[in-house]
**Q** 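Have a look at the structure that comes next, please.
Note: hydrogens, waters and symmetry copies are ignored here, and every other heavy atom, side chains too, is used. No experiment lies behind these values; they were computed from the predicted model shown. Just follow the structure's listing: the first ligand is 1, and inside any ligand the first atom is 1.
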Amino acid sequence: METVRGNPGTAGVVGRYAPSPTGAMHLGNARTALLAWLHARAPGGRHLLRFEDLDTGRVRPWAYDLIRRDLEWLGLDWDAESVQSRQLDRYREAAARLDTYPCTCTRREVLAAVQDSAGAPHGAEPVYPGTCRDPAARHPERPAALRWRVPDARVCARDRLSGQTLCQDLRADVGDLVLRRNDGVYAYHLAVVVDDAAAGVTDVLRGADLWTATPRQVALQAALGVPTPRYLHVPLMTDYRGERLAKRGGAPPVSALREAGESAAGVRAQLARSLGWAVPDEVEAADLLPLWRAALEGTPVRLAGG
Ligand code: GLU
């Protein structure tokens with residue numbers, strides 16, 4: 001079994017914020033956006049905005065402009081913008097370079113096969129047992145998803161903020177990944193890897209919910225022969241009950257604060273304080289750059305989750 005490791009480049013920093021336009025930005029999204037901006041701008045790097053809108057059923061057409069306006073209002077500028085739904089050729093080409101097979105298993109069949117197998121994980125995501133690796137098991141009359149036959153390898157990802165390394169056995173812990181769903185939608189893991197590479201992204205700062213998905217993205221980078229960026233996973237903002245803020249959970253949208261007459265400087269201060277930073281009641285985005293630089297110098301970096 002080979003071990004694949006990330007190998008970040010040392011060129012100038014290129015960062016990005018990659019929202020899914022599925023609704024209004026709430027304060028938690030804004031905090032991740034602020035940190036991604038600070039991380040790219042602190043060393044004088046480029047910062048990109050990418051709309052991750054492949055899952056068209058969940059996209060809200062009004063969300064693109066609202067997110068742009070919220071970011072502008074917060075003073076978080078970007079150098080270039082891209083939209084995933086306009087890059088489908090890229091994902092098709094990348095998928096064609098990987099060892100894949102059509103999969104006609106339904107979600108129910110996958111779950112049943114996982115539950116029947118002795119090694120069913122408890123609480124972990126179900127690992128596809130590879131049923132359709134055998135062409136005889138496929139149903140040609142059904143629409144097919146496209147799965148990547150993952151290599152027999154152990155893959156490790158490193159987080160620059162926590163200093164943690166997470167290793168996963170691709171076959172046992174991840175399973176053959178869906179690259180394109182049976183309704184034709186390309187998978188997030190493929191798109192994110194292809195787009196970060198195409199844009200020359202060196203540093204991926206994003207929510208901690210994506211940390212456990214990072215090794216499979218590193219594996220895709222290795223298989224596609226593209227560099228692995230540095231990863232920085234930041235805590236998700238929680239409410240007073242310690243629960244993660246969510247679009248569906250009634251977290252206040254940034255646009256509602258703006259429309260209610262709150263100042264952007266005040267909202268930035270609120271976000272900074274939620275990270276444990278001592279700031280005045282009103283701050284400019286640029287005022288936070290030294291605080292981010294100082295945070296990065298501490299290892300491991302401590303950021304409050306609240
Ligand atoms: N689009 C993802 C989200 O909104 C972020 C993906 C990423 O940063 O890699 O949660």
**Q** Does any N or O of ligand 1 fall below 3.5 Å from an N or O anywhere on Arg206, backbone included?
**A** yes
**Q** Give a yes/no on ligand 1: does Tyr188 have at least one heavy atom closer than 4.0 angstrom to it?
**A** yes
**Q** Please could you name the atoms of ligand 1 that Glu52 approaches to less than 4.0 Å, counting only its heavy atoms?
**A** 1 (N), 2 (C), 5 (C), 6 (C)
**Q** Would you mind checking if Arg41 and Asp79 are paired as a salt bridge, meaning a charged N to carboxylate O distance below 4.0 Å?
**A** yes
**Q** So Glu282 and Ser263, side-chain hydrogen bond (donor to acceptor under 3.5 Å, both in side chains) or not? Walk me through it.
**A** CA-CA 8 Å; Glu282 306 232 305; Ser263 75; 2.7 Å; yes
**Q** Any idea which atoms of ligand 1 are less than 4.0 Å away from a heavy-atom of Val192?
**A** 9 (O)
**Q** Using a strict 4.0 Å cut-off to heavy atoms of Arg16, name the atoms of ligand 1 that fall inside it.
**A** 7 (C), 8 (O), 9 (O)
**Q** Answer yes or no: does an N/O atom from Asp209 fall short of 3.5 Å to an N/O atom of ligand 1?
**A** no
**Q** Between Leu210 and ligand 1, find which residue part has any heavy-atom pair under 4.0 Å and reply side chain, backbone, both or neither.
**A** side chain
**Q** Kindly confirm or rule out an N or O of Ala18 lying under 3.5 angstrom from an N or O of ligand 1.
**A** yes
**Q** Shared ILVMFWY cluster between Leu291 and Leu271, side chains joined below 4.5 angstrom?
**A** yes
**Q** Who are the side chain to side chain contact (heavy atoms under 4.5 Å, CB included) partners of Leu111, not counting sequence neighbours?
**A** Pro126
**Q** Could you work out, with side chain to side chain contact (heavy atoms under 4.5 Å, CB included) as the rule, every residue matching Arg258, not counting sequence neighbours?
**A** Leu66, Arg69, Asp70, Trp73, Ser255
**Q** Taking Trp37 as the starting point, is it possible to reach Leu27 by hopping between hydrophobic residues whose side chains are less than 4.5 Å apart?
**A** yes
